[in-house]
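One structure below.
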Amino acid sequence: MFTFAIGNLLSRPVRSALSILGLTVAIGGMVGLFSIAGGIDNLVRSTFELIPGLLIQQRGAPVPIFSVLPASWQDELQQIDGVSVVNPEVITRVNVIDDKTIISPPRFLLGFDIESRLKLRRGVYSEKLEQGRFLEQADQGTFNIVVSRQIAEEFEKGVNDTLRVNGYDMRIVGIYHSGSLLLDVNILADIDTVRQMARFDPGSVSCYYIETDDDADQDILQQHIEQRFADRTLQSWEPSLLSLMSPGASDGNPIGAFIRQLDAALRDVPAEPEPPAPVAPSQPSDVESEPDEAADPAAESPVEVRTADDWSDRFREMTGDLDLFLGIMTAIGVSIAVLSIINTMLMSVTERTIEFGILRANGWTRRDIVRLVTFESGLLGVCGGLFGAMVGWGATLVLNANWPDRLHLYAGPELLLFGIAFSTLLGVMGGVYPAWLAARLSPMEAIRRG
Amino acid sequence: MISVQNVVRTLHRGETAIPVLRGISCEIAEGDFTFIVGPSGSGKSTLLYLLGALDEPTDGEITVGGQRFSAMSEPERDAFRRSEVGFIFQSFNLLANLDAVSNVLVPYLPSGQAAARRDEAVELLKRVGLGHRLDHKPGQLSGGEQQRVAIARALLKRPSIVLADEPTGELDSATGEEIFRYLRDLQAEQGSTVVVVTHDQRYIRPTDIVLEIRDGRFVGQASEPAETESP
C-alpha cells in the first residue's frame with residue numbers, strides 16, 4: 001500500500017508539491033519561531049554551566065544591575081560554612097564607547113574585586129581568555145580592562161589599545177570569548193574603577209558571586225545565607241542608572257514613582273501614597289538599618305541567593321509566556337497549511353471516486369480506503385515536516401551566523417523531531433475528512449459516477 | 001447456485017423514485033456461463049452489481065452459495081467480494097498508477113499478501129498473453145490488453161463468481177472474441193460461474209444461459225436451465 005500511496009501522490013506532482021510547500025513554510029516558521037525560545041533556554045543553560053557558583057543580590061531586583069548591597073557583608077559571607085570565595089561585583093551600563101552611543105546590543109562594565117576574583121577555582125572570563133592577560137592585583141585602581149572578542153571586533157581594537165568608555169580612556173589588557181551572548185557583553189575592570197566611573201557608592205556592591213566548597217550543598221547553603229541576613233533591612237531596590245539620571249530626585253520624578261510602585265508590586269506590599277524617600281537612591285544603600293519595627297517579623301530575607309537552576313527557572317517562566325505567543329503565531333500558519341492539505345485531499349478524493357469504487361469492488365473495506373487516504377495525506381505531512389524542519393534549522397544557522405552578537409536561535413533535535421511529528425499528525429488529520437467522504441460512497445455509486 | 005428472489009431496486013434522484021428492478025427472480029447454477037441482455041437502462045448492470053454485493057436491493061433476497069446477502073454485515077460483504085467475486089468492467093477500471101502486475105494484485109494490497117501472490121499474478125498475465133507487459137501501466141496498454149489485465153485481476157482470487165459488465169463494450173470485434181476466449185478458458189479451468197452483462201449477442205453460444213431484461217423485468221430466457229424460474 002506504501003508504493004500505491006506514493007504513486008498516487010506522484011501522479012499529481014504539482015498539487016502534492018504545493019501541499020508539501022505549504023506545510024514546509026508552516027513547519028519552517030514554527031521551528032524558526034520556537035528556536036527563539038529554544039535559543040534563550042539554550043543560552044541560559046550553557047551560560048550558567050560556565051558559572052557554577054551562587055549569586056547574591058537584593059531581593060526583588062530583576063537582575064544584578066538593579067541590586068545594591070552593602071560591601072561590608074563580604075566578610076560576613078566569607079564566614080559561612082561552605083562558602084569558599086566571595087567576589088563582590090559592581091555592574092553598570094555602558095552608554096558610550098568611542099563616541100558611539102550604545103543601545104543594542106547592550107554593554108556593561110563589570111567591576112569586581114580582583115584579589116578575590118583570582119582565588120576562584122573556575123573563573124569563566126579568565127578561562128576563556130584568548131589574547132593578552134587577565135586582570136591582576138596590579139590592575140587595582142587602574143583603567144585596565146579585559147573586553148570580549150565581540151566588543152574588540154566591533155570597535156576594531158586589540159590588546160594595549162585604548163577604548164573610551166563612558167568618557168574614560170581605558171586600556172585593553174586582554175580579550176576573552178565565552179561564546180555566550182549574556183557574558184560577551186561585559187567589559188571587565190577593577191571594582192573601584194567602576195564605582196568611580198558610575199559614581200557608585202564606595203560602601204556598596206551590586207551583588208556577590210560566591211564559589212562554594214566542592215562538598216557544599218548549594219540548596220542548603222542558599223537557605224542558610226538567606227536566613228543569615230533575614231533580620232536586615234535594605235533600602236528598596238531601585239535601578240542605580242535611573243537614579244543617576246535624576247540624582248536626588250524622587251518625589252517629583254514620575255519614573256521614580258513608577259519604580260517604587262513596581263517595587264511594591266514585586267514585594268507584594270501596597271505602594272505608599274507618600275514616598276518616604278529620606279535616602280536618595282544614589283546614596284549608599286548599604287546602611288544596615290535597625291530592624292524595621294513596622295516590618296513583618298516573618299518578612300523575607302532582604303537578599304536572595306540564586307543558583308544556576310534558579311536563573312534557568314526564571315528564564316523558563318519567561319520563555320513559557322513566549323511559547324504561548326509563538327504557539328498562537330504558529331497556529332495561524334499551521335491552520336493555513338492544514339486547509340491546504342484538506343483541499344488537496346478533497347480534490348484528490350473527488351477525482352478518484354471511480355478508483356475507490358474499483359477498490360471496494362475488489363474487496364477493500366471502508367477502513368482500507370480511509371487508511372489509504374490518510375496514509376497519503378500523512379505522507380504529505382511527513383515530507384512537509386522534514387522539509388520544514390530542515391528549512392527552519394537552516395534559517396537559524398544562517399541568522400545566527402549573520403548576527404552572532406545579537407541572536408542566539410536554537411532549534412534542537414527535540415524541536416525538529418516535534419516539527420516532523422506535528423506535521424505528520426496534521427497531514428493525517430487533514431486527510432480524515434476526505435477519507436471519510438471517500439469511504440462513505442457506495443461502491444456501485446462510485447463506479448457509476450465514472 | 002445464485003438465487004434471486006423478487007428483487008426490487010429503486011433508485012432516488014432527488015424526490016423522484018426511479019424503479020430500476022421491479023421484482024425479478026431467477027436462479028443461476030454453479031459453473032454456468034450466463035448472459036444478461038437487454039437495452040440500455042433496462043437494469044442489467046444494476047442486477048449485476050446486486051449479484052456482486054456492490055449494492056443492496058430495495059426489496060427481495062439474493063442468495064449465493066447458501067449465503068443470504070440480507071443477513072451479511074458490511075465487512076462480510078467486503079470479504080465476500082474480496083474472496084468470491086471477480087469483477088470485469090466495460091472501461092477496464094484499472095488503477096492508472098500501478099503496473100499490470102500490481103493491478104492484478106489490487107485485492108491483496110491492504111492485507112499485505114500481494115508479495116506472496118506475485119508469482120501467481122505474473123503467471124495469470126502470461127496466460128492472457130501479457131508476459132511482455134508486466135511492468136506496463138494502463139496508459140501504456142491497448143484496450144484489449146487492459147481488459148486482459150482486468151480478467152487476470154478477477155481470476156487471481158479463483159472466484160466462485162465472475163461478473164462482467166459489458167467487457168467488450170470498448171473493444172473491436174477481434175479483441176472482443178479474444179477476451180471471451182480467455183474468459184471461457186479460465187472459466188472452464190476454474191469452474192467459476194460467469195455472468196456477463198452485454199447488449200452485444202455475438203459472443204453468446206447455444207449452451208449459454210441468456211436472461212433478457214427489459215424495464216426491470218425478465219422477459220424471456222433463450223435457454224431454460226433446470227429449476228430456473230421464469231420471469
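Every chain is numbered from 1 and lettered A, B, ... according to where its sequence line falls, protein lines coming before strand lines.
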* Could you give me the CA-CA distance, side-chain angles and deciding distance for Leu95(B) and Leu359(A), then say whether side chain to side chain contact (heavy atoms under 4.5 Å, CB included) is met? => CA-CA 9 Å; Leu95(B) 300 172; Leu359(A) 295 174; 3.6 Å; yes
More than 12 heavy atoms of other groups within 6.0 Å of [X] [atom1]:
| X | atom1 | result |
| --- | --- | --- |
| Phe387(A) | CZ | no |
| Met72(B) | CE | yes |
| Arg127(B) | CZ | no |
| Arg118(B) | CZ | no |
| Glu30(B) | CD | no |

Check your understanding: Is there a donor-acceptor pair closer than 3.5 Å between any side-chain N or O of Trp364(A) and the backbone N or O of Val106(B)?
Key -> yes
Q.
Less than 4.0 angstrom from a charged side-chain N to a carboxylate O is my criterion; do Arg360(A) and Glu74(B) meet it?
A. yes
Does any heavy atom of chain A fall under 4.5 Å from the side chain of [X], the backbone, both, or neither of them?
| X | answer |
| --- | --- |
| Asn97(B) | side chain |
| Pro110(B) | both |
| Leu163(B) | neither |
| Ser45(B) | both |
| Thr46(B) | both |
| Phe89(B) | side chain |

Quick one: what part of Asn8(A) sits under 4.5 Å from any heavy atom of chain B, side chain, backbone, both or neither?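 It is both, since atoms from each part get that close.
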If one checks every heavy atom of Arg367(A) against chain B at 4.5 Å, the contacting part turns out to be neither
Answer key: most heavy-atom pairs under 4.5 Å with chain B among Ala361(A), Gly7(A), Ser11(A) is Ala361(A)
Notebook entry, point to check: Quick one: does Leu98(B)'s side chain get under 4.5 Å of Phe4(A)'s, heavy atoms only?
Noted result: yes
- Query: Quick one: are Arg82(B) and Thr365(A) in side-chain contact, heavy atoms under 4.5 Å?
  - Reply: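 Contact flag for Arg82(B)/Thr365(A) side chains = yes.
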Check: Which of the residues Pro107(B), Ala154(B), Ser111(B), Gly86(B) is involved in the greatest number of heavy-atom pairs with chain A at under 4.5 angstrom?
Finding: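 Between Pro107(B), Ala154(B), Ser111(B), Gly86(B), the count favours Pro107(B).
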- Would you mind telling me which of Leu94(B), Leu54(B), Asp55(B) has the largest number of heavy-atom pairs within less than 4.5 Å of chain A?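 Highest number of pairs under 4.5 Å: Leu54(B).
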Rounded distance (nearest 0.5 Å) linking atom CG of Asp78(B) with atom CG of Asp368(A):
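Rounded to the nearest 0.5 Å, the CG-CG separation comes to 8.0 Å.
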